Amino acid sequence: VGFRFLGELFYRAKPRHFPLRNETTARTTMSALTLPPSIAPFLTSYLPRARSDRPFVTLTYAASLDSHLSLSPGVQTALSGLETKALTHYLRTYHAAILVGVSTAAADNPGLNSRLENTPLAQQPRPIVLDPRFRWWFTREARVLRTAREGKGNAPWIFVASSALHAEEERVRWVEEAGGRVIPLDDPQEGERWSWRYLLSTMHQLGLESVMVEGGAGVINDLLSAENRALVDSVVVTVAPVYLGQGGVNVSPQREERERAAVRFRDVEWAVLGRDVVMAARLELE
Ligand SMILES: NC(=O)c1ccc[n+]([C@@H]2O[C@H](COP(=O)([O-])OP(=O)(O)OC[C@H]3O[C@@H](n4cnc5c(N)ncnc54)[C@H](OP(=O)(O)O)[C@@H]3O)[C@@H](O)[C@H]2O)c1
């Protein structure tokens, strides 16, 4: 109870990045998650802090013992137990935004909200989907849109390359009707992706002060590359007791050419939660 109270204090202390709307309390549904008491103190020092230059970045995902996110590309694979799921949903309430790549949005049809019980709308993060070619072929019934229409989360902002966006599309209308936006960004250079500096500066300009990057592997490996590592402030990884085997969607950043190029961490803390373990840490930078 004490820790739960502590968690609620943090809730109130959290700086908000959006104008507070009417604080409708999310209904406690069958699928609402309850926070185990050890989670709030475990995560305290890894929570977002104000930065003036760019949004605070938390990298988080759940992986198997062989560092896979799913059995194969496009396949949603349950990994986290209820306790670690609650941790992820708790962490979401501290972030202004949560970000996924388009393949995750397409594969998982995610709600991208916090299902922690009694989470008010004002504590819900803004979902962001990186979809340069606007190839996420969702319908009006996509979970993230339904969740927003039901007042249980925010509608997504979908980042799309200008040349791929046709404003008359019904997908744009569905997103806007739920309160979201399809946001045109500069076209990436031929064969390239948007750089993380460009993405974070765009999010900063949009008023987002923190972002929780949740995957998939394409996004995570890119952020863990030598070029981008300095942009990651906290890392929270759940490891589940399962092997997914070869052919899975693997988190394993590109190795640098030079010697001793392993990606190492500092300020490492581990917690055992149910059947899973969770590592909270910061990246070691040279
Ligand atoms: N266990 C977990 O915690 C977890 C979390 C998330 C996802 N997943 C799983 O992971 C799998 C999906 O992962 P994935 O690696 O295949 O895909 P992904 O990372 O979700 O999406 C990759 C795509 O997003 C776009 N993208 C990403 N970074 C970009 C950038 N910097 N600039 C422009 N576009 C960018 C690109 O789209 P284009 O190809 O159109 O250019 C890219 O191909 C699914 O099976 C999902 O279930 C698991």
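Counting from 1, the numbers follow the sequence of the chain as shown. Just so it is clear, the structure is predicted and the values come from calculations on it, not from any experiment. For ligands, and for the atoms within them, numbers begin at 1 and follow the listed sequence.
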Q: Measure Val219 to ligand 1 on non-hydrogen atoms and call it side chain, backbone, both or neither using the 4.0 Å cut-off.
A: both
Q. How does Ser103 reach ligand 1, by side chain, by backbone, by both or by neither, if only non-hydrogen atoms under 4.0 Å count?
A.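 Both parts.
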Please list the nearest protein heavy atom to [atom] with its residue and the distance rounded to 0.1 Å.
atom	value
atom 12 (C) of ligand 1	Thr104 OG1, 3.5 Å
atom 48 (C) of ligand 1	Leu69 CB, 3.5 Å
atom 43 (O) of ligand 1	Arg193 NH2, 3.1 Å
atom 37 (O) of ligand 1	Val102 CG1, 3.4 Å
atom 38 (P) of ligand 1	Arg133 NH2, 3.4 Å
atom 28 (N) of ligand 1	Leu130 CD1, 3.6 Å
atom 31 (N) of ligand 1	Trp194 O, 3.0 Å

Q.
Check for me whether Gly74 has a heavy atom closer than 4.0 Å to any atom of ligand 1.
A. yes
Give the atoms of ligand 1, by number and element, whose distance to some non-hydrogen atom of [X] is under 4.0 Å.
X	value
Val75	45 (O), 47 (O)
Gly216	6 (C), 7 (C), 10 (O), 13 (O), 15 (O), 18 (P), 19 (O), 20 (O)
Gly218	15 (O), 19 (O)
Arg135	37 (O), 38 (P), 39 (O), 40 (O), 43 (O)
Glu214	5 (C), 6 (C)
Asp108	46 (C), 47 (O)
Ala217	13 (O), 14 (P), 15 (O), 19 (O)
Leu79	1 (N)

Q) Could Arg49 and Phe56 be counted as a cation-pi pair, given that NZ or CZ must be under 6.0 Å from the ring centre and within 45° of the axis? A)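 Judged by the rule (NZ or CZ under 6.0 Å from the ring centre, within 45° of its axis), Arg49 is not positioned above Phe56.
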Q | More than 12 heavy atoms of other groups within 6.0 Å of Gln254 CD | A | no
Q: Nearest heavy atom to atom 9 (C) of ligand 1 wins, so pick from Ser72, Ser70, Gly248, Ala107.
A: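 It is Ser70 that holds the nearest heavy atom.
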Q. Of the choices Ala106, Pro132, Pro110, which has the non-hydrogen atom that lies closest to atom 41 (O) of ligand 1?
A.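 Considering heavy atoms of Ala106, Pro132, Pro110, the nearest to atom 41 (O) of ligand 1 sits in Pro132.
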(Q) Checking Arg135 against Ser103: is there a side-chain donor and acceptor pair closer than 3.5 Å? (A) yes
Q: Answer with yes or no whether the side chains of Ser163 and Asp187 bring together a donor and an acceptor at under 3.5 Å.
A: yes
Test: [X] and [Y] ion pair at under 4.0 Å:
X	Y	answer
Arg92	Glu214	yes
Glu168	Arg173	no
Arg146	Glu141	yes
Arg54	Asp233	yes

Looking at ligand 1, does any of its N/O atoms fall within less than 3.5 Å of an N/O of [X]?
X	value
Ala62	yes
Thr77	no
Tyr61	no

Which atom pair, heavy atoms only, marks the closest approach of [X] to [Y]?
X	Y	value
Arg143	Asn109	N-OD1, 2.9 Å
Trp270	Phe42	C-CE1, 3.8 Å
Ala86	Pro36	CB-CD, 3.9 Å

Q | Residues that Trp136 engages under ring-ring contact (aromatic ring centres under 6.0 Å, His included), provided they are two or more places apart | A |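 With sequence neighbours excluded, Trp136 shows a ring-ring contact (aromatic ring centres under 6.0 Å, His included) to Phe138, given in chain and number order.
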Q.
Treating Arg181 as the side-chain partner and Val172 as the backbone partner, does any N or O pair qualify as donor plus acceptor under 3.5 Å?
A.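 No; zero donor-acceptor contacts below 3.5 Å.
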Q: Ignoring hydrogens and angles, tell me if any N or O in the side chain of Asn221 forms a donor-acceptor pair with the backbone of Asn250 under 3.5 Å.
A: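 Yes, because the side chain of Asn221 sits within donor-acceptor range (under 3.5 Å) of the backbone of Asn250.
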